[in-house]
Amino acid sequence: MSNFLSSSIGKKTVMALTGLFLCVFLVEHLYGNLLLYANDGGAAFIEYSHTLVHSILIRSIEVVLFIAIIVHVVQAVYLTKQNSDARPVKYSVNKVNETSTWFSRNMGITGSFILFFIVVHLYHYFVPYRIMDTVGGPGQINVAQAVKIGLQDPVYAGFYFFSVCLLAFHLNHGFQGAFQTLGLSNKRYAPFLKMAGTGFAVLMFVGFASFPVLFYFGLAGGTF
Amino acid sequence: MNLTLKVWRQKNSKEAGNFSTYQVNDITPDMSFLELFDVLNERLIAKGEEPVAFDHDCREGICGMCSMFINGRAHGPWQGTTTCQLHMRAFNDGDTIVVEPWRAAGFPVLKDLVVDRSAFDRVIAAGGFVSANTGNAQDANCLPVPKPDADDAFAAAACIGCGACVAACKNSSAMLFVSAKVSQLALLPQGQVERESRALNMVKQMDEEGFGSCTLTGSCEAACPKEISLENIARLNREYLMANLKKGLF
Ligand code: HEM
Ligand code: SF4
Ligand code: FES
């Protein structure tokens, strides 16, 4: 490994780049999900998922996406371990809450939960649709119906909602942090980046949290 | 004021330490925190006990020696203040005050509250200098420096190497210190010759000393007695990335 990639700053640079890539993916994913609200019997959403599956470009980006998640997680585990080793004896009194935010101190916890969610989420939707072929074929429920059925389960809807909260917490610190890590910040930009990070987190929260809420309470998906 | 002190006592770097509790009475609010320890130590010596070892030198907030983690905060509760400039009026009569050494793998405890900060010296030795002979003081107009750069360099140069940033950071990261030292030279003409090698070597040494990485919690900036800005860390990241790009990433 080159000196850069094995250095602390190099590792953080990789985290920041993969993190921002995942942020772009979130926007794309949210756009796709919003098609569920088209009130057209799920046609737009089904058409959209169909297009994704059959585009070579999208399939390649999907591979990059999986790699990005794995790299982000591997670096996260490594950095979190290294950071914890950097203080072998802990303080007996540490008012770190007076000098930093909860979001910034718990990226490992929010991230781990997101990882757990991603695994469950893939098992729930990706596996039946793309691997087992039990969704979306002739005589089977379509992808829109699969979403609706999943989110009508109170446990899954609750889990989904909670995960979106933690995702927003992760983004609230992570988004602006990535720019700082990449050196794209200074005194003048920092306050705007912070606002943009919180704004992005809120936007992702409102967008993604709407699915479990609206589907669970029967306010969406009436046409499929 | 009458206070209860819980102080970390540790014989040497090998043995495990623990807290000792001392009742210290008749302290005046205008004493500095180090004077509190002077009084405590005089009384301990009078009783034939081992005084508490703690670091100090200038006692005017400029040397960076007085490392103490006081009630969960590096250098205590006041913003932009070293322990020697912290005064007892920051506390109330009857308070219990917990005093610990800096805790970081990069700063091993030598005795009681004294830690070994030579890791910082090794980071500086790795590149925190200008080796070009700059000769006598130049005529100011010979070396034009934009005012904003001069101001930023000056602000970064205020770092006294106290290590509060490491002590306060949840990762024991030395990024604020290293970024201040890299920034002060990267911003000035004299620092240009070694600009890239400096960033590369100082970061390498920082990593080797066992400090953590930066999660941007901002605890360092909040704890820094010289209020060194987090913006320096962004600059260090930039310097390091650019130096690596020029050198070749692979
Ligand atoms: C959609 C999913 C995710 C997105 C959009 C995302 C985004 C980000 C971003 C932008 C950062 C900031 C990078 C920086 O500070 O420079 C970050 C940091 C981090 N992420 Fe994620 N992340 C995601 C998933 C995960 C997962 C699954 C983990 C698993 C453990 C994780 C763990 C972390 C940790 C620990 C950090 C902080 C690293 C540090 O500063 O020390 N993230 N993330
Ligand atoms: S950056 Fe601030 S806290 Fe860190 S060593 Fe320098 S003066 Fe001390
Ligand atoms: S003793 Fe010099 S800064 Fe406190």
Side-chain angles (χ1 to χ4, degrees), chain A residues 1-13 15-17 75-76 78-108 173-190 193-194 197, chain B residues 6 8 16-17 19 69-74 77 98 100-101 103-106 109 152 166-175 199-200 203-204 206-207 210-223 229-231 233-242 244-245 247-250:
Chain A
M1 206 162 27
S2 81
N3 288 337
F4 180 70
L5 291 179
S6 58
S7 71
S8 57
I9 297 180
K11 288 206 171 66
K12 283 278 338 209
T13 305
M15 284 228 71
L17 291 174
Q75 300 285 53
Y78 192 92
L79 283 172
T80 306
K81 164 88 172 67
Q82 202 173 37
N83 290 339
S84 144
D85 287 350
R87 177 159 297 142
V89 184
K90 310 292 174 212
Y91 291 107
S92 72
V93 182
N94 194 352
K95 296 195 184 138
V96 75
N97 58 314
E98 289 181 3
T99 54
S100 62
T101 63
W102 185 93
F103 308 106
S104 70
R105 292 192 306 273
N106 293 287
M107 292 297 279
H173 181 68
F175 186 83
Q176 54 101 15
F179 290 91
Q180 172 94 358
T181 300
L182 296 174
L184 301 173
S185 177
N186 64 21
K187 269 203 284 282
R188 238 163 301 134
Y189 294 163
L193 288 170
K194 273 204 182 116
Chain B
K6 280 182 74 184
W8 184 259
F19 283 100
F69 205 79
I70 302 160
N71 274 352
R73 296 283 297 271
V98 180
E100 302 175 68
R103 297 200 190 277
V109 174
D152 285 349
V166 173
C169 173
K170 79 172 183 70
N171 304 339
S172 300
S173 170
M175 286 286 279
L200 294 172
V203 169
K204 182 163 177 276
M206 170 184 87
D207 285 348
F211 297 112
S213 61
C214 176
T215 302
L216 315 159
T217 67
S219 285
C220 54
E221 185 185 44
S229 163
L230 266 188
E231 124 176 299
I233 295 186
R235 187 183 292 106
L236 171 61
N237 288 333
R238 200 156 62 229
E239 291 290 321
Y240 187 70
L241 185 60
M242 292 314 282
N244 271 289
L245 286 173
K247 181 181 69 112
L249 279 179
F250 306 105

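In the text below, chain A, chain B and the rest are named by the order of the sequence lines, each starting its count at 1. This is a predicted model, so every value here is computed, not measured.
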Might you work through the side chain to side chain contact (heavy atoms under 4.5 Å, CB included) test for Asn3(A) and Lys247(B), ending with a clear yes or no? CA-CA 11 Å; Asn3(A) 288 337; Lys247(B) 181 181 69 112; 4.0 Å; yes
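- When all heavy atoms of Thr215(B) and Ser104(A) are compared, the pair lying nearest together is CG2-O, 3.5 Å.
- Note: Gly183(A) leads Ala190(A), Gly183(A), Gly177(A) in heavy-atom pairs under 4.5 Å with chain B.
- Annotation: maximal heavy-atom pairing with chain B below 4.5 Å, among Ala86(A), Ser84(A), Gly174(A), Ser185(A), occurs at Ala86(A).
- Checked against salt bridge (charged side-chain N to carboxylate O under 4.0 Å, His left out), Arg87(A) has no partners two or more places apart in sequence or in another chain.
- At a 4.5 Å heavy-atom cutoff, the contact between Asp207(B) and chain A is made by side-chain atoms alone.
- No donor-acceptor pair closer than 3.5 Å links the side chain of Gln82(A) to the backbone N or O of Ser213(B).
- Using a 4.5 Å cut-off between heavy atoms, Thr181(A) contacts chain B through both its backbone and its side chain.
- Of the listed residues (Lys90(A), Gln176(A), Met15(A)), the greatest number of heavy-atom pairs within a distance under 4.5 Å of chain B belongs to Lys90(A).
- Note that the CG atom of Asn71(B) and the NZ atom of Lys95(A) stand 4.5 Å from one another [nearest 0.5 Å].
- The most heavy-atom pairs under 4.5 Å with chain B, out of Ile9(A), Leu182(A), Leu79(A), come from Ile9(A).
- Taking Ser229(B), Ala223(B), Cys169(B) one by one and counting their heavy-atom pairs under 4.5 Å with chain A, the maximum is reached by Cys169(B).
- When Gly10(A), Ser92(A), Ser100(A) are compared by the number of non-hydrogen pairs under 4.5 Å with chain B, Ser92(A) comes out ahead.
- Of the two parts of Met242(B), neither the backbone nor the side chain holds a non-hydrogen atom closer than 4.5 Å to a non-hydrogen atom of chain A.
- Atom OH of Tyr78(A) is surrounded by 12 or fewer heavy atoms from other residues, nucleotides or ligands within 6.0 Å.
- Counting heavy-atom pairs closer than 4.5 Å to chain A, the top residue among Leu236(B), Asn244(B), Ile233(B) is Asn244(B).
- For the set Ser172(B), Gly106(B), Ala222(B), the count of heavy-atom pairs under 4.5 angstrom toward chain A peaks at Ser172(B).
- With contacts defined as side-chain heavy-atom distances shorter than 4.5 Å, the pair Phe4(A)/Leu241(B) qualifies.
- Between the Asn186(A) side chain and the Ala234(B) main chain, no donor and acceptor come within less than 3.5 Å of each other.
- Residues Glu100(B) and Asn94(A) fail the side-chain proximity criterion, which asks for heavy atoms closer than 4.5 Å.
- Proximity to chain A involves both the backbone and the side chain of Leu230(B), based on heavy atoms less than 4.5 angstrom apart.
- Contacts of Arg103(B) with chain A are made by both backbone and side-chain atoms, with heavy-atom separations under 4.5 Å.
- Among all heavy-atom pairs drawn from Leu216(B) and His173(A), the shortest one is O-CE1, 3.0 Å.
- Atoms NZ and OG, from Lys204(B) and Ser6(A) in turn, are 9.5 Å apart once rounded to the nearest 0.5 Å.
- Contact count versus chain A (heavy atoms, under 4.5 Å) is highest, among Gly210(B), Ala104(B), Gly212(B), Ala167(B), for Ala167(B).
- Contacts between Lys187(A) and chain B at a heavy-atom distance below 4.5 Å involve backbone atoms as well as side-chain atoms.
- For the residue pair Ser219(B) and Thr99(A), a side-chain donor N or O sits within less than 3.5 Å of a side-chain acceptor on the partner.
- Side-chain contact between Met206(B) and Ser8(A) is present, with heavy atoms from C-beta onward closer than 4.5 Å.
- For a residue to count as touching a neighbouring chain, one of its non-hydrogen atoms must lie under 4.5 Å from one of that chain's; by this rule Thr80(A) does not touch chain B.
- A side-chain N or O of Tyr240(B) and one of Ser7(A) form a donor-acceptor pair less than 3.5 Å apart.
- Legend: salt bridge (Lys or Arg N to Asp or Glu O under 4.0 Å) pairs involving residues 96-106 of chain A, not counting sequence neighbours, sorted by first then second residue: Glu98(A)-Arg73(B).
- Heavy-atom distances place no part of Pro77(B) under 4.5 Å from chain A, backbone and side chain included.
- Only the backbone of Phe211(B) has a heavy atom closer than 4.5 Å to any heavy atom of chain A.
- Looking at Cys214(B), the atoms closer than 4.5 Å to chain A (heavy atoms on both sides) all sit in the backbone: N, CA, C or O.
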